[in-house]
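See below for the structure under consideration.
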Number of protein chains: 2
Amino acid sequence: MSRFQEIFLDIESNILNQTYKAGELLPSENKLSKQYNVSRETIRKALTLLLESGYIQKKQGKGSIVLDVKRFDFPISGLTSYKELEEAQHINSETLLIKNQVETLPDQIASFLNIPPSSEVHAVIRGRKVDGETVILDKDYLLTSVIQELPDAEAQKSLYNYIEKELGLTIGYARKEFIVEPATKEDRELMTLHGDTHVVVTRSEVHLEDTTLFQYTESRHRLDKFRFVEFARRRPPMDYNK
Amino acid sequence: MSRFQEIFLDIESNILNQTYKAGELLPSENKLSKQYNVSRETIRKALTLLLESGYIQKKQGKGSIVLDVKRFDFPISGLTSYKELEEAQHINSETLLIKNQVETLPDQIASFLNIPPSSEVHAVIRGRKVDGETVILDKDYLLTSVIQELPDAEAQKSLYNYIEKELGLTIGYARKEFIVEPATKEDRELMTLHGDTHVVVTRSEVHLEDTTLFQYTESRHRLDKFRFVEFARRRPPMDYNK
DNA sequence: TGAGATTTGTCCGTATGTATT
DNA sequence: TAATACATACGGACAAATCTC
(Lines give C-alpha, C1' and ligand atoms only; values in the text may rest on other atoms or scores of the structure.)
Protein backbone atom coordinates (compact mmCIF):
# COMPACT_ATOMS: atom_id res chain seq x y z
CA MET A 1 0.00 0.00 0.00
CA SER A 2 1.24 3.49 -0.80
CA ARG A 3 2.40 5.80 1.94
CA PHE A 4 -0.43 8.33 1.64
CA GLN A 5 -3.00 5.58 1.91
CA GLU A 6 -1.37 4.27 5.07
CA ILE A 7 -1.40 7.77 6.52
CA PHE A 8 -5.06 8.16 5.52
CA LEU A 9 -5.96 4.96 7.35
CA ASP A 10 -3.94 5.99 10.38
CA ILE A 11 -5.57 9.39 10.69
CA GLU A 12 -8.97 7.86 9.96
CA SER A 13 -8.63 5.46 12.87
CA ASN A 14 -7.46 8.34 15.07
CA ILE A 15 -10.65 10.18 14.18
CA LEU A 16 -12.82 7.13 14.80
CA ASN A 17 -11.22 6.43 18.18
CA GLN A 18 -11.48 10.13 19.06
CA THR A 19 -7.77 10.84 19.37
CA TYR A 20 -8.75 13.66 17.05
CA LYS A 21 -12.12 14.87 18.28
CA ALA A 22 -14.95 16.39 16.27
CA GLY A 23 -14.70 20.16 16.05
CA GLU A 24 -10.98 20.24 16.70
CA LEU A 25 -8.24 20.96 14.19
CA LEU A 26 -5.87 18.33 12.90
CA PRO A 27 -2.16 19.13 13.28
CA SER A 28 -1.04 21.36 10.43
CA GLU A 29 0.23 19.83 7.21
CA ASN A 30 3.76 20.81 8.10
CA LYS A 31 3.56 19.17 11.52
CA LEU A 32 2.06 16.03 10.05
CA SER A 33 4.77 15.86 7.42
CA LYS A 34 7.42 15.97 10.14
CA GLN A 35 5.49 13.53 12.30
CA TYR A 36 5.16 10.94 9.53
CA ASN A 37 8.50 11.89 8.01
CA VAL A 38 7.11 12.48 4.51
CA SER A 39 6.78 15.51 2.27
CA ARG A 40 3.87 17.88 2.57
CA GLU A 41 2.44 16.73 -0.78
CA THR A 42 2.10 13.21 0.60
CA ILE A 43 0.23 14.51 3.63
CA ARG A 44 -2.02 16.54 1.37
CA LYS A 45 -2.97 13.44 -0.60
CA ALA A 46 -3.94 11.66 2.60
CA LEU A 47 -5.98 14.69 3.70
CA THR A 48 -7.73 14.76 0.33
CA LEU A 49 -8.96 11.23 0.96
CA LEU A 50 -10.21 12.25 4.39
CA LEU A 51 -11.95 15.26 2.85
CA GLU A 52 -13.72 13.16 0.23
CA SER A 53 -14.80 10.61 2.78
CA GLY A 54 -16.45 13.31 4.87
CA TYR A 55 -14.09 13.09 7.83
CA ILE A 56 -12.65 16.60 7.67
CA GLN A 57 -13.27 20.04 6.23
CA LYS A 58 -10.28 22.12 5.18
CA LYS A 59 -10.08 25.89 5.38
CA GLN A 60 -7.32 27.98 3.89
CA GLY A 61 -5.38 29.90 6.48
CA LYS A 62 -6.98 27.97 9.30
CA GLY A 63 -6.52 24.23 9.13
CA SER A 64 -8.39 20.94 8.82
CA ILE A 65 -11.45 20.64 11.04
CA VAL A 66 -12.59 17.19 12.15
CA LEU A 67 -16.27 16.66 11.34
CA ASP A 68 -18.73 14.84 13.54
CA VAL A 69 -18.89 11.53 11.74
CA LYS A 70 -20.23 9.54 14.67
CA ARG A 71 -23.79 10.79 14.52
CA PHE A 72 -24.38 9.11 11.21
CA ASP A 73 -24.41 5.43 10.58
CA PHE A 74 -21.84 4.05 8.27
CA PRO A 75 -22.30 5.44 4.82
CA ILE A 76 -23.93 3.02 2.44
CA SER A 77 -22.68 4.58 -0.74
CA GLY A 78 -19.63 3.70 -2.75
CA LEU A 79 -20.24 0.30 -4.24
CA THR A 80 -20.25 -1.75 -1.10
CA SER A 81 -21.58 -5.27 -1.33
CA TYR A 82 -24.45 -6.58 0.74
CA LYS A 83 -22.16 -9.00 2.52
CA GLU A 84 -19.89 -6.17 3.59
CA LEU A 85 -22.81 -4.03 4.73
CA GLU A 86 -24.15 -6.89 6.76
CA GLU A 87 -20.87 -7.17 8.63
CA ALA A 88 -20.46 -3.42 9.01
CA GLN A 89 -23.89 -2.96 10.50
CA HIS A 90 -23.96 -6.21 12.44
CA ILE A 91 -27.14 -7.33 10.79
CA ASN A 92 -28.11 -10.92 11.23
CA SER A 93 -29.46 -12.13 7.96
CA GLU A 94 -29.70 -15.20 5.87
CA THR A 95 -29.20 -15.49 2.14
CA LEU A 96 -31.53 -17.69 0.10
CA LEU A 97 -30.14 -18.81 -3.24
CA ILE A 98 -33.26 -18.93 -5.38
CA LYS A 99 -31.71 -19.33 -8.81
CA ASN A 100 -28.25 -19.71 -10.34
CA GLN A 101 -28.15 -20.80 -13.97
CA VAL A 102 -26.73 -19.84 -17.32
CA GLU A 103 -29.19 -18.06 -19.62
CA THR A 104 -29.26 -15.50 -22.38
CA LEU A 105 -29.61 -11.92 -21.18
CA PRO A 106 -33.18 -10.61 -21.61
CA ASP A 107 -33.40 -8.32 -24.67
CA GLN A 108 -34.70 -5.43 -22.62
CA ILE A 109 -31.65 -5.40 -20.38
CA ALA A 110 -29.26 -5.94 -23.29
CA SER A 111 -30.56 -2.86 -25.04
CA PHE A 112 -30.46 -0.88 -21.81
CA LEU A 113 -26.81 -1.85 -21.42
CA ASN A 114 -26.12 -1.22 -25.08
CA ILE A 115 -24.54 -4.64 -25.67
CA PRO A 116 -25.34 -7.37 -28.23
CA PRO A 117 -28.60 -9.23 -27.55
CA SER A 118 -28.57 -12.87 -26.46
CA SER A 119 -25.31 -12.49 -24.56
CA GLU A 120 -24.77 -15.42 -22.24
CA VAL A 121 -24.95 -14.70 -18.52
CA HIS A 122 -25.11 -16.30 -15.13
CA ALA A 123 -28.55 -15.35 -13.85
CA VAL A 124 -28.57 -15.29 -10.06
CA ILE A 125 -31.53 -14.55 -7.82
CA ARG A 126 -31.08 -14.30 -4.09
CA GLY A 127 -33.36 -13.37 -1.23
CA ARG A 128 -32.13 -11.61 1.90
CA LYS A 129 -33.98 -12.78 4.96
CA VAL A 130 -34.01 -10.75 8.18
CA ASP A 131 -36.01 -11.90 11.23
CA GLY A 132 -37.72 -14.57 9.15
CA GLU A 133 -38.93 -12.17 6.45
CA THR A 134 -37.51 -11.83 2.95
CA VAL A 135 -37.03 -8.08 2.61
CA ILE A 136 -34.59 -7.79 -0.28
CA LEU A 137 -34.51 -9.54 -3.63
CA ASP A 138 -31.24 -9.37 -5.55
CA LYS A 139 -31.19 -10.22 -9.24
CA ASP A 140 -27.75 -10.39 -10.83
CA TYR A 141 -26.65 -11.06 -14.39
CA LEU A 142 -22.92 -11.75 -14.85
CA LEU A 143 -21.44 -12.09 -18.32
CA THR A 144 -19.99 -15.56 -18.84
CA SER A 145 -17.38 -14.01 -21.13
CA VAL A 146 -15.84 -12.50 -18.00
CA ILE A 147 -16.97 -14.87 -15.25
CA GLN A 148 -16.68 -18.43 -16.58
CA GLU A 149 -17.82 -20.45 -13.60
CA LEU A 150 -20.10 -19.52 -10.72
CA PRO A 151 -20.52 -22.32 -8.17
CA ASP A 152 -23.68 -22.28 -6.06
CA ALA A 153 -21.57 -22.18 -2.91
CA GLU A 154 -19.98 -18.91 -3.98
CA ALA A 155 -23.25 -17.34 -5.10
CA GLN A 156 -24.63 -18.19 -1.69
CA LYS A 157 -21.83 -16.27 -0.03
CA SER A 158 -20.57 -13.08 -1.67
CA LEU A 159 -20.28 -12.42 -5.38
CA TYR A 160 -17.76 -9.63 -4.87
CA ASN A 161 -15.60 -11.75 -2.65
CA TYR A 162 -15.58 -14.51 -5.28
CA ILE A 163 -14.81 -12.12 -8.13
CA GLU A 164 -12.08 -10.20 -6.34
CA LYS A 165 -10.48 -12.78 -4.09
CA GLU A 166 -11.00 -16.00 -6.04
CA LEU A 167 -10.82 -14.78 -9.61
CA GLY A 168 -8.43 -11.93 -8.97
CA LEU A 169 -10.46 -9.40 -10.96
CA THR A 170 -10.67 -5.80 -9.83
CA ILE A 171 -14.00 -4.02 -9.76
CA GLY A 172 -13.77 -0.44 -10.93
CA TYR A 173 -16.95 1.57 -10.92
CA ALA A 174 -20.70 1.43 -11.33
CA ARG A 175 -23.59 3.61 -12.31
CA LYS A 176 -26.58 3.22 -10.06
CA GLU A 177 -30.17 4.32 -10.34
CA PHE A 178 -32.74 4.38 -7.54
CA ILE A 179 -36.43 4.47 -8.28
CA VAL A 180 -39.70 3.25 -6.76
CA GLU A 181 -41.78 0.83 -8.82
CA PRO A 182 -45.00 -1.12 -8.40
CA ALA A 183 -44.35 -4.56 -6.95
CA THR A 184 -44.41 -7.36 -9.53
CA LYS A 185 -45.97 -10.78 -9.20
CA GLU A 186 -42.49 -12.18 -8.66
CA ASP A 187 -41.87 -9.68 -5.85
CA ARG A 188 -45.04 -10.76 -4.10
CA GLU A 189 -44.15 -14.42 -4.46
CA LEU A 190 -40.57 -14.23 -3.32
CA MET A 191 -40.67 -11.42 -0.77
CA THR A 192 -42.63 -10.78 2.44
CA LEU A 193 -44.44 -7.64 1.36
CA HIS A 194 -47.36 -7.34 3.82
CA GLY A 195 -49.52 -6.01 1.02
CA ASP A 196 -47.16 -3.19 0.00
CA THR A 197 -47.95 -1.93 -3.47
CA HIS A 198 -44.43 -0.71 -4.28
CA VAL A 199 -40.76 -1.63 -3.85
CA VAL A 200 -37.55 0.41 -4.09
CA VAL A 201 -35.49 -0.74 -7.05
CA THR A 202 -31.80 -0.04 -7.48
CA ARG A 203 -30.33 -0.86 -10.87
CA SER A 204 -26.63 -0.79 -11.57
CA GLU A 205 -24.18 -1.67 -14.27
CA VAL A 206 -20.85 -2.69 -12.82
CA HIS A 207 -17.54 -2.40 -14.67
CA LEU A 208 -14.10 -3.81 -14.07
CA GLU A 209 -11.10 -1.55 -13.69
CA ASP A 210 -10.33 -1.90 -17.39
CA THR A 211 -13.86 -0.61 -18.11
CA THR A 212 -15.30 -3.89 -19.37
CA LEU A 213 -18.91 -4.28 -18.31
CA PHE A 214 -19.45 -7.55 -16.52
CA GLN A 215 -22.51 -7.30 -14.33
CA TYR A 216 -26.02 -5.92 -14.25
CA THR A 217 -27.74 -5.88 -10.90
CA GLU A 218 -31.27 -5.20 -9.82
CA SER A 219 -31.92 -5.02 -6.11
CA ARG A 220 -35.51 -4.84 -4.92
CA HIS A 221 -36.11 -3.62 -1.37
CA ARG A 222 -39.20 -3.62 0.78
CA LEU A 223 -40.09 0.03 1.42
CA ASP A 224 -39.48 -0.02 5.15
CA LYS A 225 -36.10 -1.70 4.79
CA PHE A 226 -34.54 0.76 2.41
CA ARG A 227 -32.23 3.53 3.51
CA PHE A 228 -29.51 5.34 1.63
CA VAL A 229 -27.03 7.77 3.12
CA GLU A 230 -24.83 10.11 1.17
CA PHE A 231 -22.14 12.65 1.92
CA ALA A 232 -22.12 15.38 -0.70
CA ARG A 233 -19.90 18.35 -1.32
CA ARG A 234 -21.10 21.44 -3.06
CA ARG A 235 -19.82 21.94 -6.56
CA PRO A 236 -20.27 25.05 -8.59
CA PRO A 237 -23.40 24.67 -10.74
CA MET A 238 -22.58 23.45 -14.21
CA ASP A 239 -23.11 25.66 -17.16
CA TYR A 240 -25.46 23.68 -19.37
CA ASN A 241 -25.70 26.34 -22.04
CA LYS A 242 -22.35 25.56 -23.58
CA MET B 1 -10.31 30.03 -11.02
CA SER B 2 -7.26 27.85 -10.65
CA ARG B 3 -5.51 26.42 -13.65
CA PHE B 4 -6.37 22.78 -13.04
CA GLN B 5 -10.05 23.64 -12.71
CA GLU B 6 -9.97 25.48 -16.00
CA ILE B 7 -8.32 22.50 -17.63
CA PHE B 8 -10.91 20.19 -16.06
CA LEU B 9 -13.73 22.28 -17.52
CA ASP B 10 -12.03 22.41 -20.91
CA ILE B 11 -11.52 18.66 -21.14
CA GLU B 12 -15.03 18.09 -19.77
CA SER B 13 -16.56 20.14 -22.55
CA ASN B 14 -14.41 18.29 -25.07
CA ILE B 15 -15.83 15.03 -23.79
CA LEU B 16 -19.39 16.34 -23.84
CA ASN B 17 -19.06 17.67 -27.39
CA GLN B 18 -17.37 14.41 -28.44
CA THR B 19 -14.01 15.86 -29.39
CA TYR B 20 -12.85 13.08 -27.12
CA LYS B 21 -15.16 10.15 -27.84
CA ALA B 22 -16.27 7.41 -25.48
CA GLY B 23 -13.95 4.43 -25.53
CA GLU B 24 -10.96 6.39 -26.81
CA LEU B 25 -7.90 7.41 -24.84
CA LEU B 26 -7.20 10.96 -23.81
CA PRO B 27 -3.81 12.35 -24.84
CA SER B 28 -1.18 11.24 -22.32
CA GLU B 29 -0.44 13.34 -19.28
CA ASN B 30 2.84 14.44 -20.80
CA LYS B 31 1.19 15.56 -24.02
CA LEU B 32 -1.54 17.40 -22.16
CA SER B 33 1.04 19.15 -20.00
CA LYS B 34 2.79 20.41 -23.14
CA GLN B 35 -0.49 21.27 -24.81
CA TYR B 36 -1.72 23.38 -21.89
CA ASN B 37 1.78 24.51 -21.01
CA VAL B 38 1.58 23.40 -17.37
CA SER B 39 3.37 20.81 -15.29
CA ARG B 40 2.25 17.23 -15.25
CA GLU B 41 1.02 17.56 -11.64
CA THR B 42 -1.47 20.20 -12.72
CA ILE B 43 -2.77 17.93 -15.47
CA ARG B 44 -3.08 15.11 -12.95
CA LYS B 45 -5.24 17.27 -10.70
CA ALA B 46 -7.57 18.02 -13.58
CA LEU B 47 -7.74 14.33 -14.50
CA THR B 48 -8.54 13.46 -10.90
CA LEU B 49 -11.61 15.67 -11.10
CA LEU B 50 -12.65 13.97 -14.34
CA LEU B 51 -12.14 10.60 -12.70
CA GLU B 52 -14.28 11.46 -9.71
CA SER B 53 -17.02 12.88 -11.89
CA GLY B 54 -17.24 9.64 -13.83
CA TYR B 55 -15.94 10.99 -17.13
CA ILE B 56 -12.79 8.88 -17.43
CA GLN B 57 -11.15 5.76 -16.10
CA LYS B 58 -7.38 5.76 -15.64
CA LYS B 59 -5.18 2.74 -16.12
CA GLN B 60 -1.53 2.63 -15.24
CA GLY B 61 0.68 1.99 -18.25
CA LYS B 62 -2.18 2.50 -20.66
CA GLY B 63 -3.83 5.87 -20.37
CA SER B 64 -7.11 7.58 -19.53
CA ILE B 65 -10.16 6.05 -21.18
CA VAL B 66 -13.18 8.24 -21.88
CA LEU B 67 -16.33 6.66 -20.43
CA ASP B 68 -19.73 6.72 -22.06
CA VAL B 69 -21.37 9.46 -20.06
CA LYS B 70 -24.09 10.26 -22.57
CA ARG B 71 -26.28 7.25 -21.92
CA PHE B 72 -27.14 8.44 -18.46
CA ASP B 73 -29.05 11.54 -17.63
CA PHE B 74 -27.29 14.21 -15.73
CA PRO B 75 -26.32 12.95 -12.33
CA ILE B 76 -28.51 14.24 -9.57
CA SER B 77 -26.05 13.79 -6.77
CA GLY B 78 -23.67 16.33 -5.33
CA LEU B 79 -25.78 18.89 -3.57
CA THR B 80 -27.52 20.41 -6.54
CA SER B 81 -30.49 22.63 -5.88
CA TYR B 82 -33.92 22.06 -7.34
CA LYS B 83 -33.71 25.23 -9.35
CA GLU B 84 -30.49 24.08 -10.97
CA LEU B 85 -31.89 20.62 -11.69
CA GLU B 86 -34.90 22.17 -13.27
CA GLU B 87 -32.73 24.09 -15.69
CA ALA B 88 -30.40 21.18 -16.35
CA GLN B 89 -33.19 18.81 -17.21
CA HIS B 90 -35.38 21.37 -18.97
CA ILE B 91 -38.30 20.63 -16.72
CA ASN B 92 -41.16 23.05 -16.82
CA SER B 93 -42.33 23.49 -13.29
CA GLU B 94 -43.84 26.03 -11.02
CA THR B 95 -42.94 26.75 -7.42
CA LEU B 96 -45.69 27.41 -4.90
CA LEU B 97 -44.59 29.27 -1.80
CA ILE B 98 -46.83 27.76 0.86
CA LYS B 99 -45.17 29.13 3.97
CA ASN B 100 -42.30 31.45 4.89
CA GLN B 101 -42.19 32.59 8.50
CA VAL B 102 -39.90 32.74 11.51
CA GLU B 103 -40.51 30.00 14.10
CA THR B 104 -38.68 27.98 16.69
CA LEU B 105 -37.19 24.75 15.36
CA PRO B 106 -39.29 21.71 16.32
CA ASP B 107 -37.69 19.83 19.23
CA GLN B 108 -37.52 16.61 17.28
CA ILE B 109 -35.40 18.16 14.56
CA ALA B 110 -33.24 20.06 17.02
CA SER B 111 -32.31 16.87 18.82
CA PHE B 112 -31.68 15.12 15.50
CA LEU B 113 -29.31 17.92 14.54
CA ASN B 114 -27.76 17.97 17.98
CA ILE B 115 -28.26 21.71 18.48
CA PRO B 116 -29.97 23.66 21.29
CA PRO B 117 -33.79 23.37 21.29
CA SER B 118 -35.96 26.36 20.43
CA SER B 119 -33.43 27.77 17.98
CA GLU B 120 -35.01 30.38 15.77
CA VAL B 121 -35.40 29.50 12.10
CA HIS B 122 -37.02 30.57 8.89
CA ALA B 123 -39.53 27.82 8.17
CA VAL B 124 -40.18 27.56 4.44
CA ILE B 125 -42.57 25.20 2.71
CA ARG B 126 -42.72 25.06 -1.06
CA GLY B 127 -44.57 22.87 -3.51
CA ARG B 128 -43.16 21.92 -6.91
CA LYS B 129 -45.84 21.71 -9.53
CA VAL B 130 -45.32 19.83 -12.78
CA ASP B 131 -48.09 19.52 -15.38
CA GLY B 132 -50.60 20.89 -12.90
CA GLU B 133 -49.81 18.39 -10.16
CA THR B 134 -47.84 19.07 -6.98
CA VAL B 135 -45.33 16.24 -6.94
CA ILE B 136 -42.66 17.49 -4.53
CA LEU B 137 -42.98 19.18 -1.16
CA ASP B 138 -39.86 20.94 0.14
CA LYS B 139 -39.64 21.87 3.80
CA ASP B 140 -36.65 24.00 4.78
CA TYR B 141 -35.49 25.34 8.12
CA LEU B 142 -32.77 28.00 7.96
CA LEU B 143 -31.14 29.27 11.14
CA THR B 144 -31.80 32.99 11.59
CA SER B 145 -28.41 33.26 13.30
CA VAL B 146 -26.88 32.70 9.86
CA ILE B 147 -29.60 33.91 7.50
CA GLN B 148 -31.09 37.10 8.95
CA GLU B 149 -33.66 37.99 6.34
CA LEU B 150 -35.50 35.82 3.85
CA PRO B 151 -37.83 37.77 1.57
CA ASP B 152 -40.76 35.89 0.03
CA ALA B 153 -39.56 36.80 -3.43
CA GLU B 154 -36.25 35.01 -2.84
CA ALA B 155 -37.87 31.96 -1.24
CA GLN B 156 -40.06 31.74 -4.31
CA LYS B 157 -37.00 31.61 -6.53
CA SER B 158 -33.93 29.74 -5.33
CA LEU B 159 -32.67 29.54 -1.76
CA TYR B 160 -29.16 28.58 -2.85
CA ASN B 161 -28.98 31.42 -5.30
CA TYR B 162 -30.02 33.86 -2.57
CA ILE B 163 -27.57 32.44 -0.05
CA GLU B 164 -24.59 32.25 -2.37
CA LYS B 165 -25.12 35.17 -4.74
CA GLU B 166 -26.97 37.66 -2.55
CA LEU B 167 -25.52 36.95 0.86
CA GLY B 168 -22.10 35.83 -0.35
CA LEU B 169 -22.04 32.72 1.84
CA THR B 170 -20.39 29.55 0.57
CA ILE B 171 -22.13 26.23 0.97
CA GLY B 172 -19.75 23.46 1.90
CA TYR B 173 -21.22 20.02 2.35
CA ALA B 174 -24.29 18.08 3.38
CA ARG B 175 -25.28 14.74 4.71
CA LYS B 176 -28.31 13.27 3.06
CA GLU B 177 -30.58 10.38 3.89
CA PHE B 178 -33.15 8.77 1.61
CA ILE B 179 -36.00 6.69 2.98
CA VAL B 180 -39.60 5.83 2.14
CA GLU B 181 -42.25 6.81 4.67
CA PRO B 182 -46.04 6.64 4.92
CA ALA B 183 -47.67 9.79 3.59
CA THR B 184 -48.79 12.22 6.28
CA LYS B 185 -52.03 14.17 6.40
CA GLU B 186 -50.06 17.23 5.33
CA ASP B 187 -48.65 15.35 2.33
CA ARG B 188 -52.16 14.40 1.21
CA GLU B 189 -53.39 17.96 1.61
CA LEU B 190 -50.56 19.70 -0.15
CA MET B 191 -49.54 17.19 -2.80
CA THR B 192 -51.33 15.43 -5.64
CA LEU B 193 -50.90 11.87 -4.43
CA HIS B 194 -53.55 9.86 -6.35
CA GLY B 195 -54.10 7.71 -3.28
CA ASP B 196 -50.43 6.74 -2.84
CA THR B 197 -49.77 5.44 0.64
CA HIS B 198 -46.08 6.41 0.75
CA VAL B 199 -43.67 9.16 -0.28
CA VAL B 200 -39.89 9.24 -0.71
CA VAL B 201 -38.31 11.49 1.89
CA THR B 202 -34.82 12.96 1.62
CA ARG B 203 -33.49 14.63 4.74
CA SER B 204 -30.31 16.65 4.76
CA GLU B 205 -28.33 18.89 7.04
CA VAL B 206 -26.43 21.51 5.11
CA HIS B 207 -23.25 23.19 6.33
CA LEU B 208 -21.33 26.23 5.22
CA GLU B 209 -17.70 26.01 4.19
CA ASP B 210 -16.63 26.92 7.71
CA THR B 211 -18.65 23.92 8.99
CA THR B 212 -21.42 25.92 10.63
CA LEU B 213 -24.76 24.17 10.25
CA PHE B 214 -27.34 26.50 8.79
CA GLN B 215 -30.08 24.50 7.12
CA TYR B 216 -32.16 21.41 7.58
CA THR B 217 -34.14 20.23 4.58
CA GLU B 218 -36.83 17.66 4.10
CA SER B 219 -37.92 16.97 0.55
CA ARG B 220 -40.96 14.79 0.02
CA HIS B 221 -41.42 13.24 -3.42
CA ARG B 222 -44.31 11.42 -4.99
CA LEU B 223 -43.15 7.86 -5.66
CA ASP B 224 -43.37 8.03 -9.44
CA LYS B 225 -41.46 11.32 -9.58
CA PHE B 226 -38.43 10.25 -7.65
CA ARG B 227 -35.22 9.16 -9.30
CA PHE B 228 -31.68 9.26 -8.02
CA VAL B 229 -28.57 8.50 -10.04
CA GLU B 230 -25.16 7.87 -8.61
CA PHE B 231 -21.69 7.20 -9.95
CA ALA B 232 -19.74 5.06 -7.52
CA ARG B 233 -16.18 3.86 -7.42
CA ARG B 234 -15.10 0.74 -5.68
CA ARG B 235 -13.20 1.22 -2.48
CA PRO B 236 -11.52 -1.53 -0.56
CA PRO B 237 -13.89 -2.73 2.16
CA MET B 238 -13.23 -1.06 5.48
CA ASP B 239 -11.91 -3.03 8.35
CA TYR B 240 -14.52 -2.50 11.04
CA ASN B 241 -12.75 -4.67 13.59
CA LYS B 242 -10.20 -2.07 14.52
C1' DT C 1 -5.38 49.34 12.42
C1' DG C 2 -1.51 46.86 10.94
C1' DA C 3 2.48 43.81 10.65
C1' DG C 4 4.15 39.31 11.11
C1' DA C 5 3.51 34.36 11.79
C1' DT C 6 0.89 30.38 10.58
C1' DT C 7 -1.69 27.48 7.50
C1' DT C 8 -3.65 25.90 3.38
C1' DG C 9 -3.84 26.48 -2.04
C1' DT C 10 -1.45 26.18 -6.22
C1' DC C 11 2.28 25.19 -9.30
C1' DC C 12 6.76 23.59 -10.75
C1' DG C 13 10.70 20.31 -11.68
C1' DT C 14 12.84 16.09 -10.74
C1' DA C 15 13.32 11.33 -9.64
C1' DT C 16 11.98 6.56 -9.16
C1' DG C 17 8.71 2.73 -9.47
C1' DT C 18 5.21 -0.06 -11.88
C1' DA C 19 2.20 -1.57 -15.64
C1' DT C 20 1.32 -1.93 -20.53
C1' DT C 21 2.46 -2.55 -25.21
C1' DT D 1 13.88 -5.73 -24.24
C1' DA D 2 12.72 -1.09 -24.96
C1' DA D 3 9.54 2.66 -25.14
C1' DT D 4 5.53 4.68 -23.24
C1' DA D 5 2.27 5.97 -19.63
C1' DC D 6 0.58 6.42 -15.18
C1' DA D 7 1.69 6.23 -9.72
C1' DT D 8 4.12 7.92 -6.00
C1' DA D 9 7.20 10.88 -3.55
C1' DC D 10 10.23 14.93 -2.46
C1' DG D 11 11.37 19.73 -1.98
C1' DG D 12 10.91 24.41 -3.22
C1' DA D 13 8.42 28.68 -4.23
C1' DC D 14 4.86 31.95 -3.92
C1' DA D 15 -0.11 33.30 -3.13
C1' DA D 16 -4.15 33.77 -0.26
C1' DA D 17 -6.64 33.42 3.98
C1' DT D 18 -6.58 33.52 8.93
C1' DC D 19 -5.00 34.55 13.40
C1' DT D 20 -2.35 36.96 16.91
C1' DC D 21 -0.23 40.59 19.02
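Here is the naming used below: chain letters follow the sequence lines, and residue numbers restart at 1 for every chain.
- A distance-only check finds a donor-acceptor pair linking the side chain of A:Ser13 to the backbone of A:Asp10 [under 3.5 Å].
- For the pair A:Gln57 CD and D:dA17 P, the computed distance is 16 Å after rounding to whole Å.
- Atom P of nucleotide C:dT7 and atom CG of A:Leu25 are separated by 10 Å, given to the nearest angstrom.
- Checked by atom type and distance alone, the side chain of A:Arg126 pairs as donor or acceptor with a backbone atom of A:Ala155 at under 3.5 Å.
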Output one line per pair: protein atom, nucleotide atom from nucleotides 8-12 of chain D, and distance, for all N/O pairs under 3.5 Å.
residue	atom	partner	partner atom	Å
D:dA9	OP1	A:Arg3	N	2.4
D:dA9	OP2	A:Phe4	N	3.4
D:dC10	OP2	A:Ser39	N	2.9
D:dC10	OP2	A:Ser39	OG	3.4
D:dC10	OP2	A:Thr42	OG1	2.7

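- Between B:Lys62 and D:dT4, a side-chain N or O to OP1/OP2 separation shorter than 4.0 Å is absent.
- Atom CD of B:Gln60 and atom P of D:dC6 are 10 Å apart (whole Å).
- In this structure a side-chain-to-backbone donor-acceptor pair under 3.5 Å is missing from A:Glu29 to A:Ile43.
- Regarding B:Glu29, its CD atom lies at a distance of 16 Å from the P atom of C:dA19, rounded to whole Å.
- One atom, CG of A:Asp210, and another, P of C:dA19, lie 15 Å apart when rounded to the nearest Å.
- Taking atom NZ of A:Lys58 as the reference point, atom P of D:dT18 lies 15 Å away to the nearest angstrom.
- A side-chain donor-acceptor contact under 3.5 Å links A:Asn100 to the backbone of A:Leu150.
- The aromatic rings of A:Tyr173 and A:His207 lie parallel to each other, their planes meeting at an angle below 30°, with 60° marking the opposite boundary.
- Residue B:Lys59 places none of its side-chain N or O atoms closer than 4.0 Å to OP1 or OP2 of C:dA19.
- When the P atom of C:dT10 is taken as reference, atom CZ of B:Phe8 falls 14 Å away, rounded to whole Å.
- Side-chain N or O atoms of A:His122 include none that pairs as donor or acceptor with a backbone N or O of A:Thr144 at under 3.5 Å.
- Residue A:Asn30 contributes atom CG, which lies 10 Å from atom P of C:dT6 at whole-angstrom precision.
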